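The shown structure was predicted, so the numbers you read here are calculated from the model rather than taken from an experiment.
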Amino acid sequence: LKSGLLNPTLAVIDEAQRYDSLNISLLRYEGICYMYKKEYEKSDSIFYKLVEMGDTTFFTLSRLGQSLLGRNYIYKAIKPLEQAYVLDSTDYDVLMRLAYASYQVVGPEKGLFYYDKLEAGLQPEKGRLAAVFSGRADIYYSTKNYDAAHDWYKKAYATDPANLLYLANMG
């Protein structure tokens, strides 16, 4: 799995599952493999199966949310992402996905709430912090608050001047 050889990994998992088809670790690895292969329907069903089996760990819930977002099932992704957030409120990937999904489903205020959480936790990480600023700007832009959008794109560009997309969006 770490080497990126997903098909041989799935073959090993399939062989192991002949002896223990309900092994939680094997199911997790299988779900991850399908998610990395962008076969989200398969990964969704595996992660749902894990939840039904009682596996409500951060790993499973966050991957279920990510897989659902891969299929653009934003409404369905909110619940597992929120549950993962309760378990680890500092995880960058969960917060980014939750900010995006919440903005789409609940509204701009909820998206901005999660971007606030991201910003507070990422002060030293410039590249990720710039992505948070840009995400805020996207929300303001979509709500036609162009001055605020410009200010946040400007802040993103000042934080990460190597990313010219922030400069273009600012324009």
Could you go through residues 64-72 and list every donor-acceptor pair under 3.5 Å that involves a side-chain atom there, pairing it with any protein atom two or more places apart or in another chain?
residue : atom : partner : partner atom : Å
Ser67   : OG   : Tyr40   : O            : 3.4
Ser67   : OG   : Ser43   : OG           : 2.4
Ser67   : OG   : Asp44   : OD1          : 2.4
Arg71   : NH1  : Asp44   : OD2          : 2.6
Arg71   : NH2  : Tyr73   : OH           : 3.0

Scan the side chains in residues 94-112 for donor-acceptor partners under 3.5 Å anywhere in the protein, sequence neighbours excluded, and list what turns up.
residue : atom : partner : partner atom : Å
Arg97   : NH1  : Asp93   : O            : 3.4
Ser102  : OG   : Leu98   : O            : 2.7
Tyr103  : OH   : Ser142  : OG           : 2.2

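Hydrophobic clustering (side-chain heavy atoms under 4.5 Å, transitive across Ile, Leu, Val, Met, Phe, Trp, Tyr) groups Leu87 together with Leu50. Tyr36 is not connected to Val12 by any chain of hydrophobic side-chain contacts under 4.5 Å among Ile, Leu, Val, Met, Phe, Trp and Tyr, and they are in different clusters.
Every side chain to side chain donor-acceptor pair (under 3.5 Å) that Gln17 has, sequence neighbours left out, goes to Glu30. In this structure Tyr115 satisfies the ring pair (Phe, Tyr, Trp, His ring centres under 6.0 Å) test with no other residue, sequence neighbours excluded. Residues satisfying the side-chain contact (heavy atoms from CB on, under 4.5 Å) criterion with Ala148, sequence neighbours excluded, are Tyr140, Asn145. Checked against side chain to side chain donor-acceptor pair (under 3.5 Å), Arg28 has the following partners two or more places apart in sequence or in another chain: Asp55, Thr57. Residues forming a side-chain contact (heavy atoms from CB on, under 4.5 Å) with Asp20 (at least two apart in sequence, or on another chain): Leu22, Asn23. Under the side-chain contact (heavy atoms from CB on, under 4.5 Å) criterion, Glu15 pairs with Arg18, Tyr19, sequence neighbours left out.
Hydrophobic side-chain contacts under 4.5 Å tie Leu165 to no other Ile, Leu, Val, Met, Phe, Trp or Tyr residue. If you chain together ILVMFWY residues whose side-chain heavy atoms come under 4.5 Å of each other, Met170 ends up grouped with Tyr141, Tyr146, Tyr153, Tyr157, Leu164, Tyr166, Leu167.
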(Q) Between Trp152 and Asp147, is the side-chain contact (heavy atoms from CB on, under 4.5 Å) condition met? List the steps. (A) CA-CA 9 Å; Trp152 282 104; Asp147 290 335; over 6 Å; no
Q: Kindly indicate, with the supporting measurements, whether the criterion side-chain contact (heavy atoms from CB on, under 4.5 Å) is fulfilled by Glu119 and Arg136.
A: CA-CA 10 Å; Glu119 184 178 351; Arg136 286 175 175 270; 3.1 Å; yes
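The distance from the OG1 atom of Thr60 to the CD1 atom of Ile46 is 11.0 Å, given to the nearest 0.5 Å. One distance of note links OH of Tyr48 with NZ of Lys76; it measures 5.5 Å at 0.5 Å rounding. Taking CG of Leu27 as the start and OG of Ser45 as the end, the distance is 10.0 Å to the nearest 0.5 Å. Atom NZ in Lys49 sits 11.0 Å away from atom CD1 in Ile24 (nearest 0.5 Å). Residue Ile78 holds its CD1 atom at 13.0 Å from OH of Tyr85, rounded to the nearest 0.5 Å. Rounded to the nearest 0.5 angstrom, Leu5 CG and Leu10 CG are separated by 11.0 Å.
Applying the salt bridge (Lys or Arg N to Asp or Glu O under 4.0 Å) definition to pairs two or more places apart or across chains, none involves residues 160-171. For the side chain to side chain donor-acceptor pair (under 3.5 Å) condition, the pairs that include at least one residue of residues 3-13, sequence neighbours left out, are Asn7-Lys37.
In this structure, the side chains of Arg63 and Ile32 come closer than 4.5 Å at one or more pairs of heavy atoms.
Other residues, nucleotides and ligands contribute more than 12 heavy atoms inside 6.0 Å of the CZ atom of Phe113.
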